[in-house]
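Have a look at the structure below, then the notes.
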Amino acid sequence: MPIDQKYIQAIKNGDVVAFPTETVYGLGADAWNSEAIAKVFETKGRPSDNPLIVHVSDFDQINDFAAEIPEAAQLLIEEFWPGPLTLVFKKKPEVLDAVTAGLDTIAIRMPANEIALSLILETNPLVAPSANRSGAPSPTKASHIKADFGSSVLVIDGGSTQVGLESTVLDISGEQPMILRPGVIGKDQIEQVLNQTVLIDDKSSEKPKSPGQKYSHYKPKADVKWLDSEDEFEDTSSLFLLLNAETEQQNIINYTQDFEKLARELYDRFRQADLDGYKKVIIEPFDDRYDSSVIPALLNRIEKATSL
Ligand code: AMP
Ligand code: MG
């Protein structure tokens, strides 16, 4: 897919450019340019101890960043790349410290989006954290980026993103693979490919292995909470996201147990709730009794949005 030269030049000049991926929009910068990377942290207001994911368009580029590619990684790459799975490798010494926030590992993925792949092909591997101000819901549409940054950030508009939640982050640098952040590619799918048990990072630990997981995230200004009782439906200042709605009301969105759709729309609903002046977003509780691989990721994002 041809990319307008102005975006390519901007990246080459060390500027940031927001672009679509299949998960959410990323704020892209050249992974080998430390000034460009500093702009990413500054633009987002991102804490400097929160490392970035490098996005590649070519399998060979992994070797520029990763010290070794374990066999497990090869199997997962064959199965899931390009796609919403980030792999954490031991890093090469040349990788810029600003990218990894001083860690000895590097997170890499290949996005499944033609615009993203073409932009990387024309430039370099790109760091691309979600293109929102730190703490706000990740952008799933170009208009979300305009809302956070005005016209100060160049945006390549690729419409709405397909997945709507950030990638699964899987650490394969240690003895046993460990999910650091749940995403649409679930534990079961990974275990099936590896024929091995996959651990899940203990979120209650003081020092999560994925530093980003300790920050408040994904929050609109409205309070996000789980639904306690149907009596709450009388509250017209709340937006309800329900799985099995029996009543029709303007402020009730019925997802009829379509969790992929809820994942795709969640951040847009959060942002739109603020624009529409709702005070709360109230979500019908669910758990992994339902058969959808996106549920752990949805629960993770909603739990974060409900916490203070
Ligand atoms: P974002 O790009 O905004 O979705 O955030 C990237 C996520 O990947 C954050 O939660 C980071 O903590 C995580 N991450 C990036 N690099 C590493 C790494 N080397 N080790 C562990 N987690 C990482
Ligand atoms: Mg983010």
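One-based numbering, in listed order, for ligands and for the atoms of each. Computed from heavy atoms alone, side chains included, the values below leave out hydrogens, waters and symmetry copies.
Partner K91 forms a salt bridge (Lys or Arg N to Asp or Glu O under 4.0 Å) with one of D64, D104, D97 and no other, that one being D97.
At a 4.0 Å heavy-atom cut-off, ligand 1 does not touch K91 at all. For T86, no heavy-atom contact with ligand 1 is shorter than 4.0 Å. Contacts with ligand 1 closer than 4.0 Å are made by side-chain heavy atoms of L103 only, the backbone lying farther away.
Ligand 1 lies nowhere less than 4.0 angstrom from a heavy atom belonging to D171. Using a non-hydrogen distance threshold of 4.0 Å, T100 does not register as a contact of ligand 1.
When the heavy-atom distances from atom 3 (O) of ligand 1 to E166, R46, H55, K44 are ranked, the shortest goes to R46.
A donor-acceptor contact closer than 3.5 angstrom is absent between the side chains of Q272 and D268. Donor-acceptor pairing under 3.5 Å is lacking for the side chains of S138 and R301. Remark: the S237 side chain and the D235 side chain contain an N/O donor-acceptor pair separated by less than 3.5 Å. In summary, the side chains of R271 and S143 do not present any donor paired with an acceptor at a separation below 3.5 Å, with no hydrogens or angles considered.
Close contacts of ligand 1 with L52, meaning ligand atoms under 4.0 Å from a residue heavy atom, involve 15 (C), 16 (N). Within ligand 1, counting atoms from 1 as listed, the ones closer than 4.0 Å to a heavy atom of R181 are 1 (P), 4 (O), 5 (O), 6 (C), 7 (C). Of all the atoms in ligand 1, the ones that sit under 4.0 Å from a non-hydrogen atom of N50 are 9 (C), 11 (C), 12 (O). Counting atoms of ligand 1 from 1 in the listed order, those under 4.0 Å from a heavy atom of L180 are 21 (C), 22 (N). Of all atoms in ligand 1, listed by their number and element, those nearer than 4.0 Å to a heavy atom of T105 are 18 (C), 19 (N), 20 (N). Of all the atoms in ligand 1, the ones that sit under 4.0 Å from a non-hydrogen atom of I53 are 6 (C), 8 (O). Heavy-atom proximity to P129, at under 4.0 Å, picks out these atoms of ligand 1: 2 (O), 3 (O).
Considering CH2 of W32 and CZ of F65, their distance stands at 4.5 Å, rounded to 0.5 Å. Atom-to-atom distance recorded for Q257:CD and L242:CG is 12.0 Å, nearest 0.5 angstrom. The CE atom of M110 sits 14.0 Å away from atom OG of S167, with the distance rounded to the nearest 0.5 Å.
Between A297 and V184, the shortest heavy-atom contact is CB-N, 4.4 Å.
The nearest N, O or S atom of S138 is not closer to the Mg ion (ligand 2) than 2.8 Å.
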